Novice: 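Mind having a look at this structure? Questions to follow.
These figures come from a predicted structure and were not determined experimentally. By convention here, the first residue in the shown sequence is residue 1. Whatever order the structure lists ligands and atoms in, that order sets their numbers, starting from 1.
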Amino acid sequence: VLINFSMALAEMERQQLDAPSASMLLVNLFQLLYVLDGLWNEEAILTTMDLMHDGFGFMLAFGDLVWVPFTYSLQAFYLVDHPSPLSPAAISAIVALKAVGFYIFRKSNSEKNAFRRNPADPRLAHLKSIPTATGKSLLVSGWWGVVRHPNYLGDLLMALAWSLPCGFQHLLPWYYMIYFLILLVHRDSRDMSECRRKYGRAWEEYCRTVRFRLVPHLY
Ligand SMILES: NC(=O)C1=CN([C@@H]2O[C@H](COP(=O)(O)OP(=O)(O)OC[C@H]3O[C@@H](n4cnc5c(N)ncnc54)[C@H](OP(=O)(O)O)[C@@H]3O)[C@@H](O)[C@H]2O)C=CC1
Ligand SMILES: CC(C)CCC[C@@H](C)[C@H]1CC=C2C3=C(CC[C@@]21C)[C@@]1(C)CC[C@H](O)C[C@@H]1CC3
């Protein structure tokens, strides 16, 4: 957030602007929302793969201290020297994309987190689930009945909304979208193997019921 904010100030200085450009504001506000949401819903991080399976190690230490701050801010860095004017229609479309992505991301992560915390929660009574031999159940309706990783789908739509304000003149601001797509497809495969090992037949049944991984009818 601080790096992004300093990029906004650098842009104003370099391009002699009285205020940051619309594209710089969008990138800053979108990423600020992501960070604030992560802090506000910090508890939901407890049911992510990193904490459930991977544990703390080099990837999280290096990722959080170096990778995230210095590569996730590349869109704002790019905009400092590469103005990318946006029409009101483009701004509205990008904001709408971010809102849809955020809605899917937040709702699906919160649904799974609430279910893992208390499967008997009356607010989740309408959801169907399959029991597994471990005593835990797997959701097969609601967001987790649409695709196997609805939270990744929402996150990817948001990633697209972070890159779009920078236009299509250079690959650098698209780095995040490309890297994130690879990271999430790989994470999905790792999670599939881990869940197959943990839940065996119940997982196979879940995969038969919910056929698509990230995008309904496509993948
Ligand atoms: N911006 C970034 O750089 C990154 C962002 N993220 C985001 O973080 C969030 C968390 O992602 P991640 O930890 O990878 O994965 P998930 O939050 O999807 O966690 C996967 C785990 O959820 C449980 N689960 C899977 N399917 C079901 C089901 N049908 N019903 C109930 N539980 C189920 C399983 O664990 P169990 O059964 O043991 O509870 C599984 O191992 C995502 O939104 C992702 O996009 C992730 C990585 C990087
Ligand atoms: C060094 C690498 C090539 C990869 C590093 C990966 C890490 C940057 C990510 C692994 C899982 C992450 C999660 C988040 C941030 C990125 C890392 C650390 C969140 C905390 C982002 C905010 C979301 O609300 C939850 C995410 C959980 C996983």
Novice: I'd like to know if Asp54 pairs up with Arg190 as an ion pair, taking the criterion as any Lys NZ or Arg NE/NH1/NH2 lying under 4.0 Å from an Asp or Glu carboxylate oxygen.
Specialist: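 A salt bridge is present here (some side-chain N lies under 4.0 Å from a carboxylate O).
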Novice: Answer with yes or no whether Leu183 contacts ligand 1, where contact means a heavy atom under 4.0 Å from a ligand atom.
Specialist: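 Yes.
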Novice: How does Asp64 reach ligand 2, by side chain, by backbone, by both or by neither, if only non-hydrogen atoms under 4.0 Å count?
Specialist: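 Near ligand 2, Asp64 shows its side chain, while the N, CA, C and O stay back.
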Novice: Can you check whether Tyr72 and Tyr176 have ring centres sitting under 6.0 Å from each other?
Specialist: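 So the answer is yes for these two rings.
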Novice: Check Asn41 against ligand 2 and report side chain, backbone, both or neither, counting heavy atoms closer than 4.0 Å.
Specialist: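 Within the 4.0 Å criterion, Asn41 makes no contact with ligand 2.
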Novice: Taking the minimum heavy-atom distance to atom 37 (O) of ligand 1, which of Tyr179, Trp144, Tyr199 ranks first?
Specialist: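 The option holding the nearest heavy atom is Tyr199.
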Novice: So which protein heavy atom does atom 3 (O) of ligand 1 come closest to, and at what separation?
Specialist: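 Of every protein heavy atom, Tyr72 OH, 2.4 Å lies nearest to atom 3 (O) of ligand 1.
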Novice: Minimum distance, heavy atoms only, to atom 24 (O) of ligand 2: which one of Phe105, Tyr34, Tyr179 is it?
Specialist: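 Checking each option, the heavy atom nearest atom 24 (O) of ligand 2 is found in Phe105.
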Novice: Provide the number and element of each atom of ligand 1 under 4.0 Å from a heavy atom of Lys112.
Specialist: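 Counting from 1, the qualifying ligand atoms are 16 (P), 17 (O), 18 (O), 19 (O), 20 (C), 21 (C), 22 (O), 23 (C), 24 (N), 32 (N), 33 (C).
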Novice: Taking 4.0 angstrom as the limit, do Asp81 and Arg14 come out as a salt bridge?
Specialist: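 Answer for the salt bridge query: yes.
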Novice: Around atom 1 (N) of ligand 1, find the nearest protein heavy atom and jot down its residue, atom name and distance.
Specialist: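 Scanning the protein heavy atoms, the shortest distance from atom 1 (N) of ligand 1 goes to Tyr34 OH, 2.9 Å.
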Novice: Any idea which part of Tyr176 is under 4.0 Å from ligand 1, heavy-atom wise: side chain, backbone, both or neither?
Specialist: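 Within the 4.0 Å criterion, Tyr176 contacts ligand 1 through side-chain atoms alone.
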Novice: Which of the numbered atoms in ligand 1 are under 4.0 angstrom from any heavy atom belonging to Thr48?
Specialist: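 So the atoms of ligand 1 that pass are 10 (C), 13 (O).
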Novice: For atom 7 (C) of ligand 1, what's the nearest protein heavy atom and its distance?
Specialist: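 So the nearest neighbour among protein heavy atoms is Asp155 OD2, 3.2 Å.
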Novice: For residues Arg187 and Met59, report the shortest heavy-atom separation together with the two atoms involved.
Specialist: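 Minimum heavy-atom separation between Arg187 and Met59: NH1-CE, 4.3 Å.
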Novice: Among all protein heavy atoms, pick out the one at the shortest distance from atom 29 (N) of ligand 1; state its residue, atom name and that distance to 0.1 Å.
Specialist: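 Its nearest protein heavy-atom neighbour is Leu139 O, 3.0 Å.
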Novice: Can you tell me the protein heavy atom closest to atom 31 (C) of ligand 1 and the distance?
Specialist: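 Checking every protein heavy atom, the shortest distance to atom 31 (C) of ligand 1 gives Arg116 NH2, 3.4 Å.
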Novice: Looking only at protein heavy atoms, identify the closest one to atom 34 (C) of ligand 1 and say how far it is in Å.
Specialist: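 Looking at atom 34 (C) of ligand 1, the protein heavy atom closest to it is Cys195 SG, 4.0 Å.
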Novice: Number the atoms of ligand 1 from 1 as they appear, then name those within less than 4.0 Å of a heavy atom of His53, with their elements.
Specialist: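 Counting from 1, the qualifying ligand atoms are 38 (O), 41 (O).
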Novice: Is it the side chain (CB and beyond), the backbone, both or neither of Asn151 that lies under 4.0 Å from ligand 1, heavy atoms counted?
Specialist: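 Both parts.
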Novice: Protein non-hydrogen atoms only, distance under 4.0 Å: does atom 19 (C) of ligand 2 have such a neighbour?
Specialist: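 Looking at atom 19 (C) of ligand 2, one finds that no protein heavy atom lies closer than 4.0 Å.
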Novice: Flag the pair Trp67 / Tyr179 as yes when their ring centroid distance falls below 6.0 Å, and as no otherwise.
Specialist: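 Under 6.0 Å, so yes.
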Novice: Please report whether atom 14 (C) of ligand 2 has a protein non-hydrogen atom at a separation of less than 4.0 Å.
Specialist: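 Given the 4.0 Å limit, the answer for atom 14 (C) of ligand 2 is no, no protein heavy atom qualifies.
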Novice: Would you kindly specify which portion of Met49 sits under 4.0 Å from ligand 1, judged on non-hydrogen atoms: side chain, backbone, both or neither?
Specialist: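 It is both backbone and side chain that touch ligand 1.
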Novice: What's the shortest heavy-atom distance between Asn28 and Ala8, and which atoms?
Specialist: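 Heavy atoms of Asn28 and Ala8 come nearest at ND2-CB, 4.1 Å.
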Novice: So does Arg208 pair up with Glu205, basic N to acidic O under 4.0 Å?
Specialist: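 Here Arg208 does not pair with Glu205 in a salt bridge, since their nearest N and O are not under 4.0 Å apart.
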Novice: If you measure from each non-hydrogen atom of Asn109 to ligand 1, which part falls under 4.0 Å: side chain, backbone, both or neither?
Specialist: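 The part of Asn109 near ligand 1 is the side chain, not the backbone.
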Novice: Contact between Glu42 and ligand 2, counting heavy atoms under 4.0 Å?
Specialist: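 So Glu42 does not count as touching ligand 2.
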Novice: If we only count N/O pairs under 3.5 Å, is Phe105 in contact with ligand 1?
Specialist: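 Looking only at distances, the answer is no, because the N/O contact criterion of under 3.5 Å is not met.
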Novice: Provide the number and element of each atom of ligand 1 under 4.0 Å from a heavy atom of His149.
Specialist: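 It comes down to these atoms of ligand 1: 18 (O).
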